[in-house]
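What you see below is based on every heavy atom in this structure, not just the backbone, and it leaves out hydrogens, waters and symmetry mates.
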Amino acid sequence: MFRILTAVPWLPLHFVPAGNLLGILPILIVGGGAVIVLLADLMIPRRGNLVLPVVSGVVLLGALGTAAGQWVVHAANPIVFNGAYANDRFALFADFVILVTALAVVALSPGYLRRRGMEEGEYYILLLASVTGMLVLTGALNLIVVFLGIELLSIPLYVLAGFARDEPLPQEAAMKYLLLGGFASAFLVYGMALIYGETGHTGLVAIHHVLTAGAVAQQFDPMLLAGIALVAVGLSFKVSAAPFHWWTPDVYQGSPALVTTFMSVATKVAAFAVFLRLFSATLAPYRAEWQVPIAVVAIISMVFGNVVAVAQTSVKRLLAYSGIAQAGYILIGVAVGRPDGTQASLYYLAGYAVMNTGAFAVITILSRRGEDCDRYSQLSGLVRRQPLLAGLMAIFMLSLAGFPLTVGFFGKFFLFSAAIHDGQLPLAIWGILTSAVSLFYYLRVILIMFGGLPEAAPDGELKVAGVSLDGAAVAAPDAAVTVGVPEGVVVVLAGLGTLALGIFPAVIYSLLQGITVVHG
Amino acid sequence: MSWPILAVILLVPLGGAAVLLGVPASRPRVIRLSLIGVTAATLGLSAVLLVSFLAVPSKGASHLTGTANGQSLSQVHSPVSFQFQEQVSWLHTSSSLSQFHPAFNEGNNAFNQAGPPPINFSFHLGVDGLAVWLIALACLLFLVAAVVLSRHEERLKPFAVLMLLSQVGVIGVLTSLDLVLFYFFWEAALIPLYFLMIGWGDERRGRSALKFIIYTVAGSLFMLLAILGVYFVTGAQTGVYTFDVPTLMAAQSFVSTTHASTFSLFGHSFPVLNPQDWLFLAFALAFAIKVPLVPFHSWLPDAYASGKTPFLVFFAGIVSKLGAFGFIRYNLTLFPQASHLFQPLMMGLAVASILYGALAALAQQDVKRTVAYASISHLGFVVLGIFSLNIDGLNGAIIQMVNHGIVIAALFICVGIFEARFATRSLRDLGGLAKTMPVMAGMFLVVALAGLGMPLLNSFVGEFLILLGAFSVSPAWAVVASLGVILACWYMLRMYQGLTQGPLRAPGGPEESSVIEQAVRRVGRIDLGPVELVALAPLVALMVFIGVYPGPIIHYSRFSAAQYVQAANRGTVASPAAHRVVLPGSGHGGQG
């Protein structure tokens, strides 16, 4: 087909060999899908229509199938577009996780948007555009492409964060996200400029060759180090690692729960893909320089996220801080830098996607017009109203806490294993200590849902600095929450996935065994 | 045995839980009977296991591949012999280095260094002479708990399901022969226990449950690090990267653990801790919290005071033994030299637990808390026996673990009976009940006497052997520990007398008729009912049987005790006790 197309003189495709287009086929599908959804949105009546979510779902499924096909076929040379992009198995693995998360989000969308009263077609367009950016990011093999991907994923998210236009909190969240996101992009692009200035290349392969050639690697190079540091800061912002996390709690809490789901999982996976490729692979010759700072960021994230999460009274905010802590755990794998560190990080990311999507899905199902029901007081005694949802939420909480039987356990197991193997005992010990702290708040959520005891109902806890977060009276959440079929499927699949991957770690680990990373 | 009996024992309660999920909650009688049926079937299986284990002559089991110190490891057997082994691969990774694109792997690149060692772990099950007894005890106590569980219990169905899941976890801990599998069960067992704690019990149960879980998991997480540490340290030194317990036990003979240097403090010189010592401490922390030993015990009184009787029967009866089991199975065999290095520390903590538990038990008005502190004191004896590191002490510890499980379960049933009838468990509110509850008072007397270590009842046997073992290591510790026996008489009889003797005292008033009336109103009777009798009778019978005729249990646990002592004495300067290690064919002639 491409041969036919390139034969047509008025199409500029003859500049692009067909193999290159095949290499970025998932991106093309999702990006094209966004355009189709944009057009469809113009042509069909607005509200309550299922065309857009169905089309979006089909597009994502198509991309998923294509990525799976590419995984199986696995091109001998995965580099396309003159070294700008690689569809190696590393990128494909991250693509899977992102696409599956996006599918779950799309499945949850119609019900959630209806409950919250914000059914707009733009939602799906923005979602697909953001996914396109993430797919660009996972295989980016050039600093410019990295930046392109980051912006393409971020800008739709700025809009999505403020999608509940009538409410003040989302507006604040969107504004905060936009401003701080802009800052992070500035750090990133400045860092890239410095790296380019020192190495003379923007391609990761070329940069790696320059660094290994010895001319640069053997001497102290403040400009290059500053560049690496600024890139690390920019990426740390995107993965919401402390101390670059300040946007996270407000944005996670303020954004509509479903947007937060997408933001907290898919964005993190895409940003970590770049993080891993850049640091563990391309900048590996400078490992001695960046390893300690990255480890310090990991430790600060684990400590800060877990300790502050203890004081929260909203599940969304809790998951925001827990997300900071989880970023710290995943950074262990980046700091280790070896193949086992990379594998452990990818394993944890996959598990994190399943369990975090599940936890947020429960919150989205409980939402109603005008607000997300995520305060502890609203979850109190949930087991009596929604036993299945409460049970699933308990599984997700146990998994985030790292209990066996759930995917969270093996995630931490592989990460700590990689850290100890690399001799980075402090990372493992801080991980252990903070995991112990995290038990308190994860298990308290379970206690609140299942106990409904006088002490568990957080009477005093709702007041922070004398201000009642709940307002004067908390209306009892609707006893009759109706769980739609697609929502039920998503949350049950997430629960089963959390358990299955926790009992049979080989399912993902065998995939990771075959991973290749093109890095230069 | 041609069929995988251990897997079946694990799967029966698991399948039972699945079946119970299908029973409608409106049929409490069916739920209770099926629960009893499942636990009885498991007990039957464990009896089969016990009998066939004792019938089979022990033989060494596992082999190693690889070399260490120029010596082939394939000749080496695990120092502890396991039977009924079953092994299925769980995760198997290759150690291939080519995870990264080969075309770009040139130059000075971190990825050209050695790749990760393979990570392999398996579902490896097996039992030794320590585990079979505890499995039998566990199955017995779960059956007793099922009998005690009233069908009028609120939310009966989830309780029954969670109980069976706890049983799977407990038996999993006792049967797993792979460190990852062990940790997996060790932590997973906490999940049903946590739900049982937050769902049923008094009004402080949420706090108690959170405290229990955070204490336990905090300790366990350090054990997880230590498990990885054992994996890499052993692997680096012997070339055998494995989580397999028998293989690791055998490989420890080749792990260098000499203390290269010392540092001096206050005129004494101390060895600088080597990795093995740190790993020992990490394992010991997890187990010390679970037992619990004294500085780590504060979760226990709250948890025991909050829980319901059926829960306490197996929670106090078997879960706390898992810590002692861990000390024997892992600390002694994986870190023999560290076991000797830390012997004074562990014995000191054990004696501190014995005395602190006893004194605290004396200070309680709440009978449940009295029993809880008594439990701390009794488990101190178990740990004292373990870290005597000789056959008598370890043999006594194994027997005492079984005994304590029987006694503590019976004690909790007894105080639960008082609590159910009078809605109080304070010694201030109760007294003189022997006249209105004669059968109960009789049973309670036997149980209390067993609890204080009366000769001809079961605890005496274990405590005597433990003190004998401790005495040969350190007469001073043994003498101090025996104070715990004296204090046990005091707090047990104080509780017994307070409840049953003297003038009648109960919340309803001093008249006998009103006391009886309120008990009848709550549970339908004042004295023991048939169900309570059925639950208590086998426990009391076992107390008397083991007390009067301890020969078989001593005989059949002595072989394992000897194996563990031998494992713990590898590579150490032979202590006087070590010379006496003879693998005994017969029980009593074992020590020379």
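For a heavy-atom cut-off of 4.5 Å, chain A lies close to no residue in residues 154-163 of chain B.
With a 4.5 angstrom heavy-atom cutoff, B:Ile213 touches chain A via backbone and side-chain atoms both. Residue contact with chain A, scored on non-hydrogen atoms closer than 4.5 Å, involves the side chain of B:Leu224 exclusively. Heavy-atom distances place the side chain of B:Leu190, and not its backbone, under 4.5 Å from chain A. No part of B:Tyr215 comes within reach of chain A, as not one of its non-hydrogen atoms sits under 4.5 angstrom from that chain. When heavy atoms are compared at a cutoff of 4.5 Å, B:Phe232 approaches chain A solely by way of its side chain, counted from C-beta outward.
Put simply, CG on A:Asp340 and CD1 on B:Ile119 are 7.5 Å apart, with the number rounded to the nearest 0.5 Å. In this structure, CZ in B:Phe195 is found 8.5 Å from CG in A:Leu443, a value given to the nearest 0.5 Å. The CZ atom of A:Arg444 lies 10.0 Å from the CD1 atom of B:Ile214; values are rounded to the nearest 0.5 Å.
Inter-residue side-chain proximity for A:Leu433 and B:Phe222 is flagged as met; some heavy-atom pair is nearer than 4.5 Å. Here the side chains of A:Leu398 and B:Tyr194 are not in contact, with every heavy-atom distance at 4.5 Å or above.
Enclosure of atom CH2 in B:Trp200 by more than 12 non-hydrogen atoms of other residues, nucleotides or ligands within 6.0 angstrom is indicated. Applying the 6.0 Å contact sphere to CH2 of B:Trp278 captures no more than 12 heavy atoms from other residues, nucleotides or ligands.
When all heavy atoms of B:Trp90 and A:Pro505 are compared, the closest pair comes out as NE1-CD, 3.5 Å. Contact record, A:Ser435 with B:Leu221: CB-CD1, 3.7 Å, taken as the closest heavy-atom pair.
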Using residues 400-420 of chain A as the side-chain source, report each donor-acceptor pair under 3.5 Å to any protein atom, sequence neighbours left out, with the distance given to one decimal.
unit_1, atom_1, unit_2, atom_2, d
A:Thr406, OG1, A:Phe403, O, 2.4
A:Lys412, NZ, A:Ala401, O, 3.4

